[in-house]
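What follows is a single structure, written as structure tokens, with notes after it.
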Amino acid sequence: MFKRAELVKTIFSPGDYPPPMTAEFAFAGRSNVGKSTLLNALLGVKLAHVSGTPGKTASINFYKVDNRFFFVDLPGYGFARRSRTELERWRQLVEDYFVRRGGIATPVVLIDVRHSLQKADMMMLDYLRARELAFITVLTKRDKLSGNQFSKMLSYHEKQARSLGAFGVFPVSAVSGRGIQELRKGLEMIARSYSADKR
Ligand SMILES: Nc1nc2c(ncn2[C@@H]2O[C@H](COP(=O)(O)OP(=O)(O)OP(=O)(O)O)[C@@H](O)[C@H]2O)c(=O)[nH]1
Ligand SMILES: [Mg+2]
């Protein structure tokens with residue numbers, strides 16, 4: 001369990017990042033996929049703002065966890081009703097983040113388990129692959145599917161993730177809490193491996 005978390009920085013335009021910590025996890029995903037909700041579930045506190053309105057998080061938020069690593073809540077993508085200017089702002093913000101922090105951040109790509117990969121998901125995944133950034137996949141909202149439907153979608157997403165080079169797939173529900181502890185352990189393991197090779 002993570003013990004202490006605090007929001008240390010909110011960024012609305014490129015640059016001005018906090019000094020890096022040992023590890024950093026960048027939570028990316030379509031608007032409304034459940035990024036902020038997942039952060040709260042992982043941290044066990046309601047820090048990140050959640051809303052039914054897509055496009056809620058328009059900034060990059062750095063949460064410092066146990067004085068050891070950052071969880072970074074990236075603004076969501078693929079929200080159709082956004083203006084061109086907003087989209088451009090999003091692109092610049094996220095691109096600059098990965099250009100500057102790509103070397104230290106592990107992207108955590110969230111995908112709604114109910115849906116097959118959408119154009120916006122592919123855009124993010126292709127970008128990560130082009131930059132050779134190893135990522136993990138989190139499948140959200142598993143509580144919304146029955147056992148049978150869930151198994152079907154899980155194997156679809158596992159297959160996709162493998163072919164795109166993800167190094168782990170974690171199905172979770174922030175509502176029931178299912179899968180959250182496994183994900184915490186996975187992140188811990190990655191954080192430990194960071195401190196082992198980056199010294
Ligand atoms: N049933 C269910 N609902 C969820 C789950 N995770 C998130 N939600 C709901 O999905 C909606 C969007 O959640 P957010 O966490 O705000 O999504 P986000 O990805 O941060 O969205 P943006 O900030 O717009 O990019 C909210 O109504 C959440 O309550 C889940 O595991 N199960
Ligand atoms: Mg959000």
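All values below were derived from every heavy atom in this structure, side-chain atoms included, with hydrogens, water molecules and symmetry-related copies excluded. In what follows, residues are counted from 1 in the order of the sequence shown. For ligands, and for the atoms within them, numbers begin at 1 and follow the listed sequence.
Residues Asn40 and Tyr63 bring no donor and acceptor atom of their side chains to less than 3.5 Å of each other. Between the side chains of Thr10 and Asn61, a donor-acceptor pair is found at a separation under 3.5 Å. The closest side-chain donor-acceptor pair between Glu158 and Ser155, if any, does not fall under 3.5 angstrom.
In terms of modelled atom types and a separation under 3.5 Å, the side chain of Lys141 and the main chain of Ala174 share no donor-acceptor contact. A side-chain donor-acceptor contact under 3.5 Å links Arg184 to the backbone of Leu42.
Here Lys144 has side-chain heavy atoms under 4.0 Å from ligand 1, and that is the only part of it that gets that close.
Considering backbone and side-chain atoms alike, Arg142 places every N or O at 3.5 Å or more from each N or O of ligand 1. For ligand 1, the polar-atom distance check finds no N/O of Asp73 at less than 3.5 Å from any of the ligand's N/O atoms. For ligand 1, the polar-atom distance check finds an N/O of Gly34 within less than 3.5 Å of one of the ligand's N/O atoms. Between Val172 and ligand 1, not a single N/O pair is under 3.5 Å apart.
Proximity annotation for atom 25 (O) of ligand 1: of Arg30, Lys141, Lys35, Lys35 comes nearest, heavy atoms only.
Between Ser173 and ligand 1 there is a heavy-atom distance shorter than 4.0 Å. At least one heavy atom of Asp143 sits less than 4.0 Å from an atom of ligand 1.
With a cut-off of 2.8 Å, the Mg ion (ligand 2) has an N, O or S atom of Ser36 in range.
Applying the side-chain hydrogen bond (donor to acceptor under 3.5 Å, both in side chains) criterion to Arg162, with sequence neighbours excluded, gives no partner residue.
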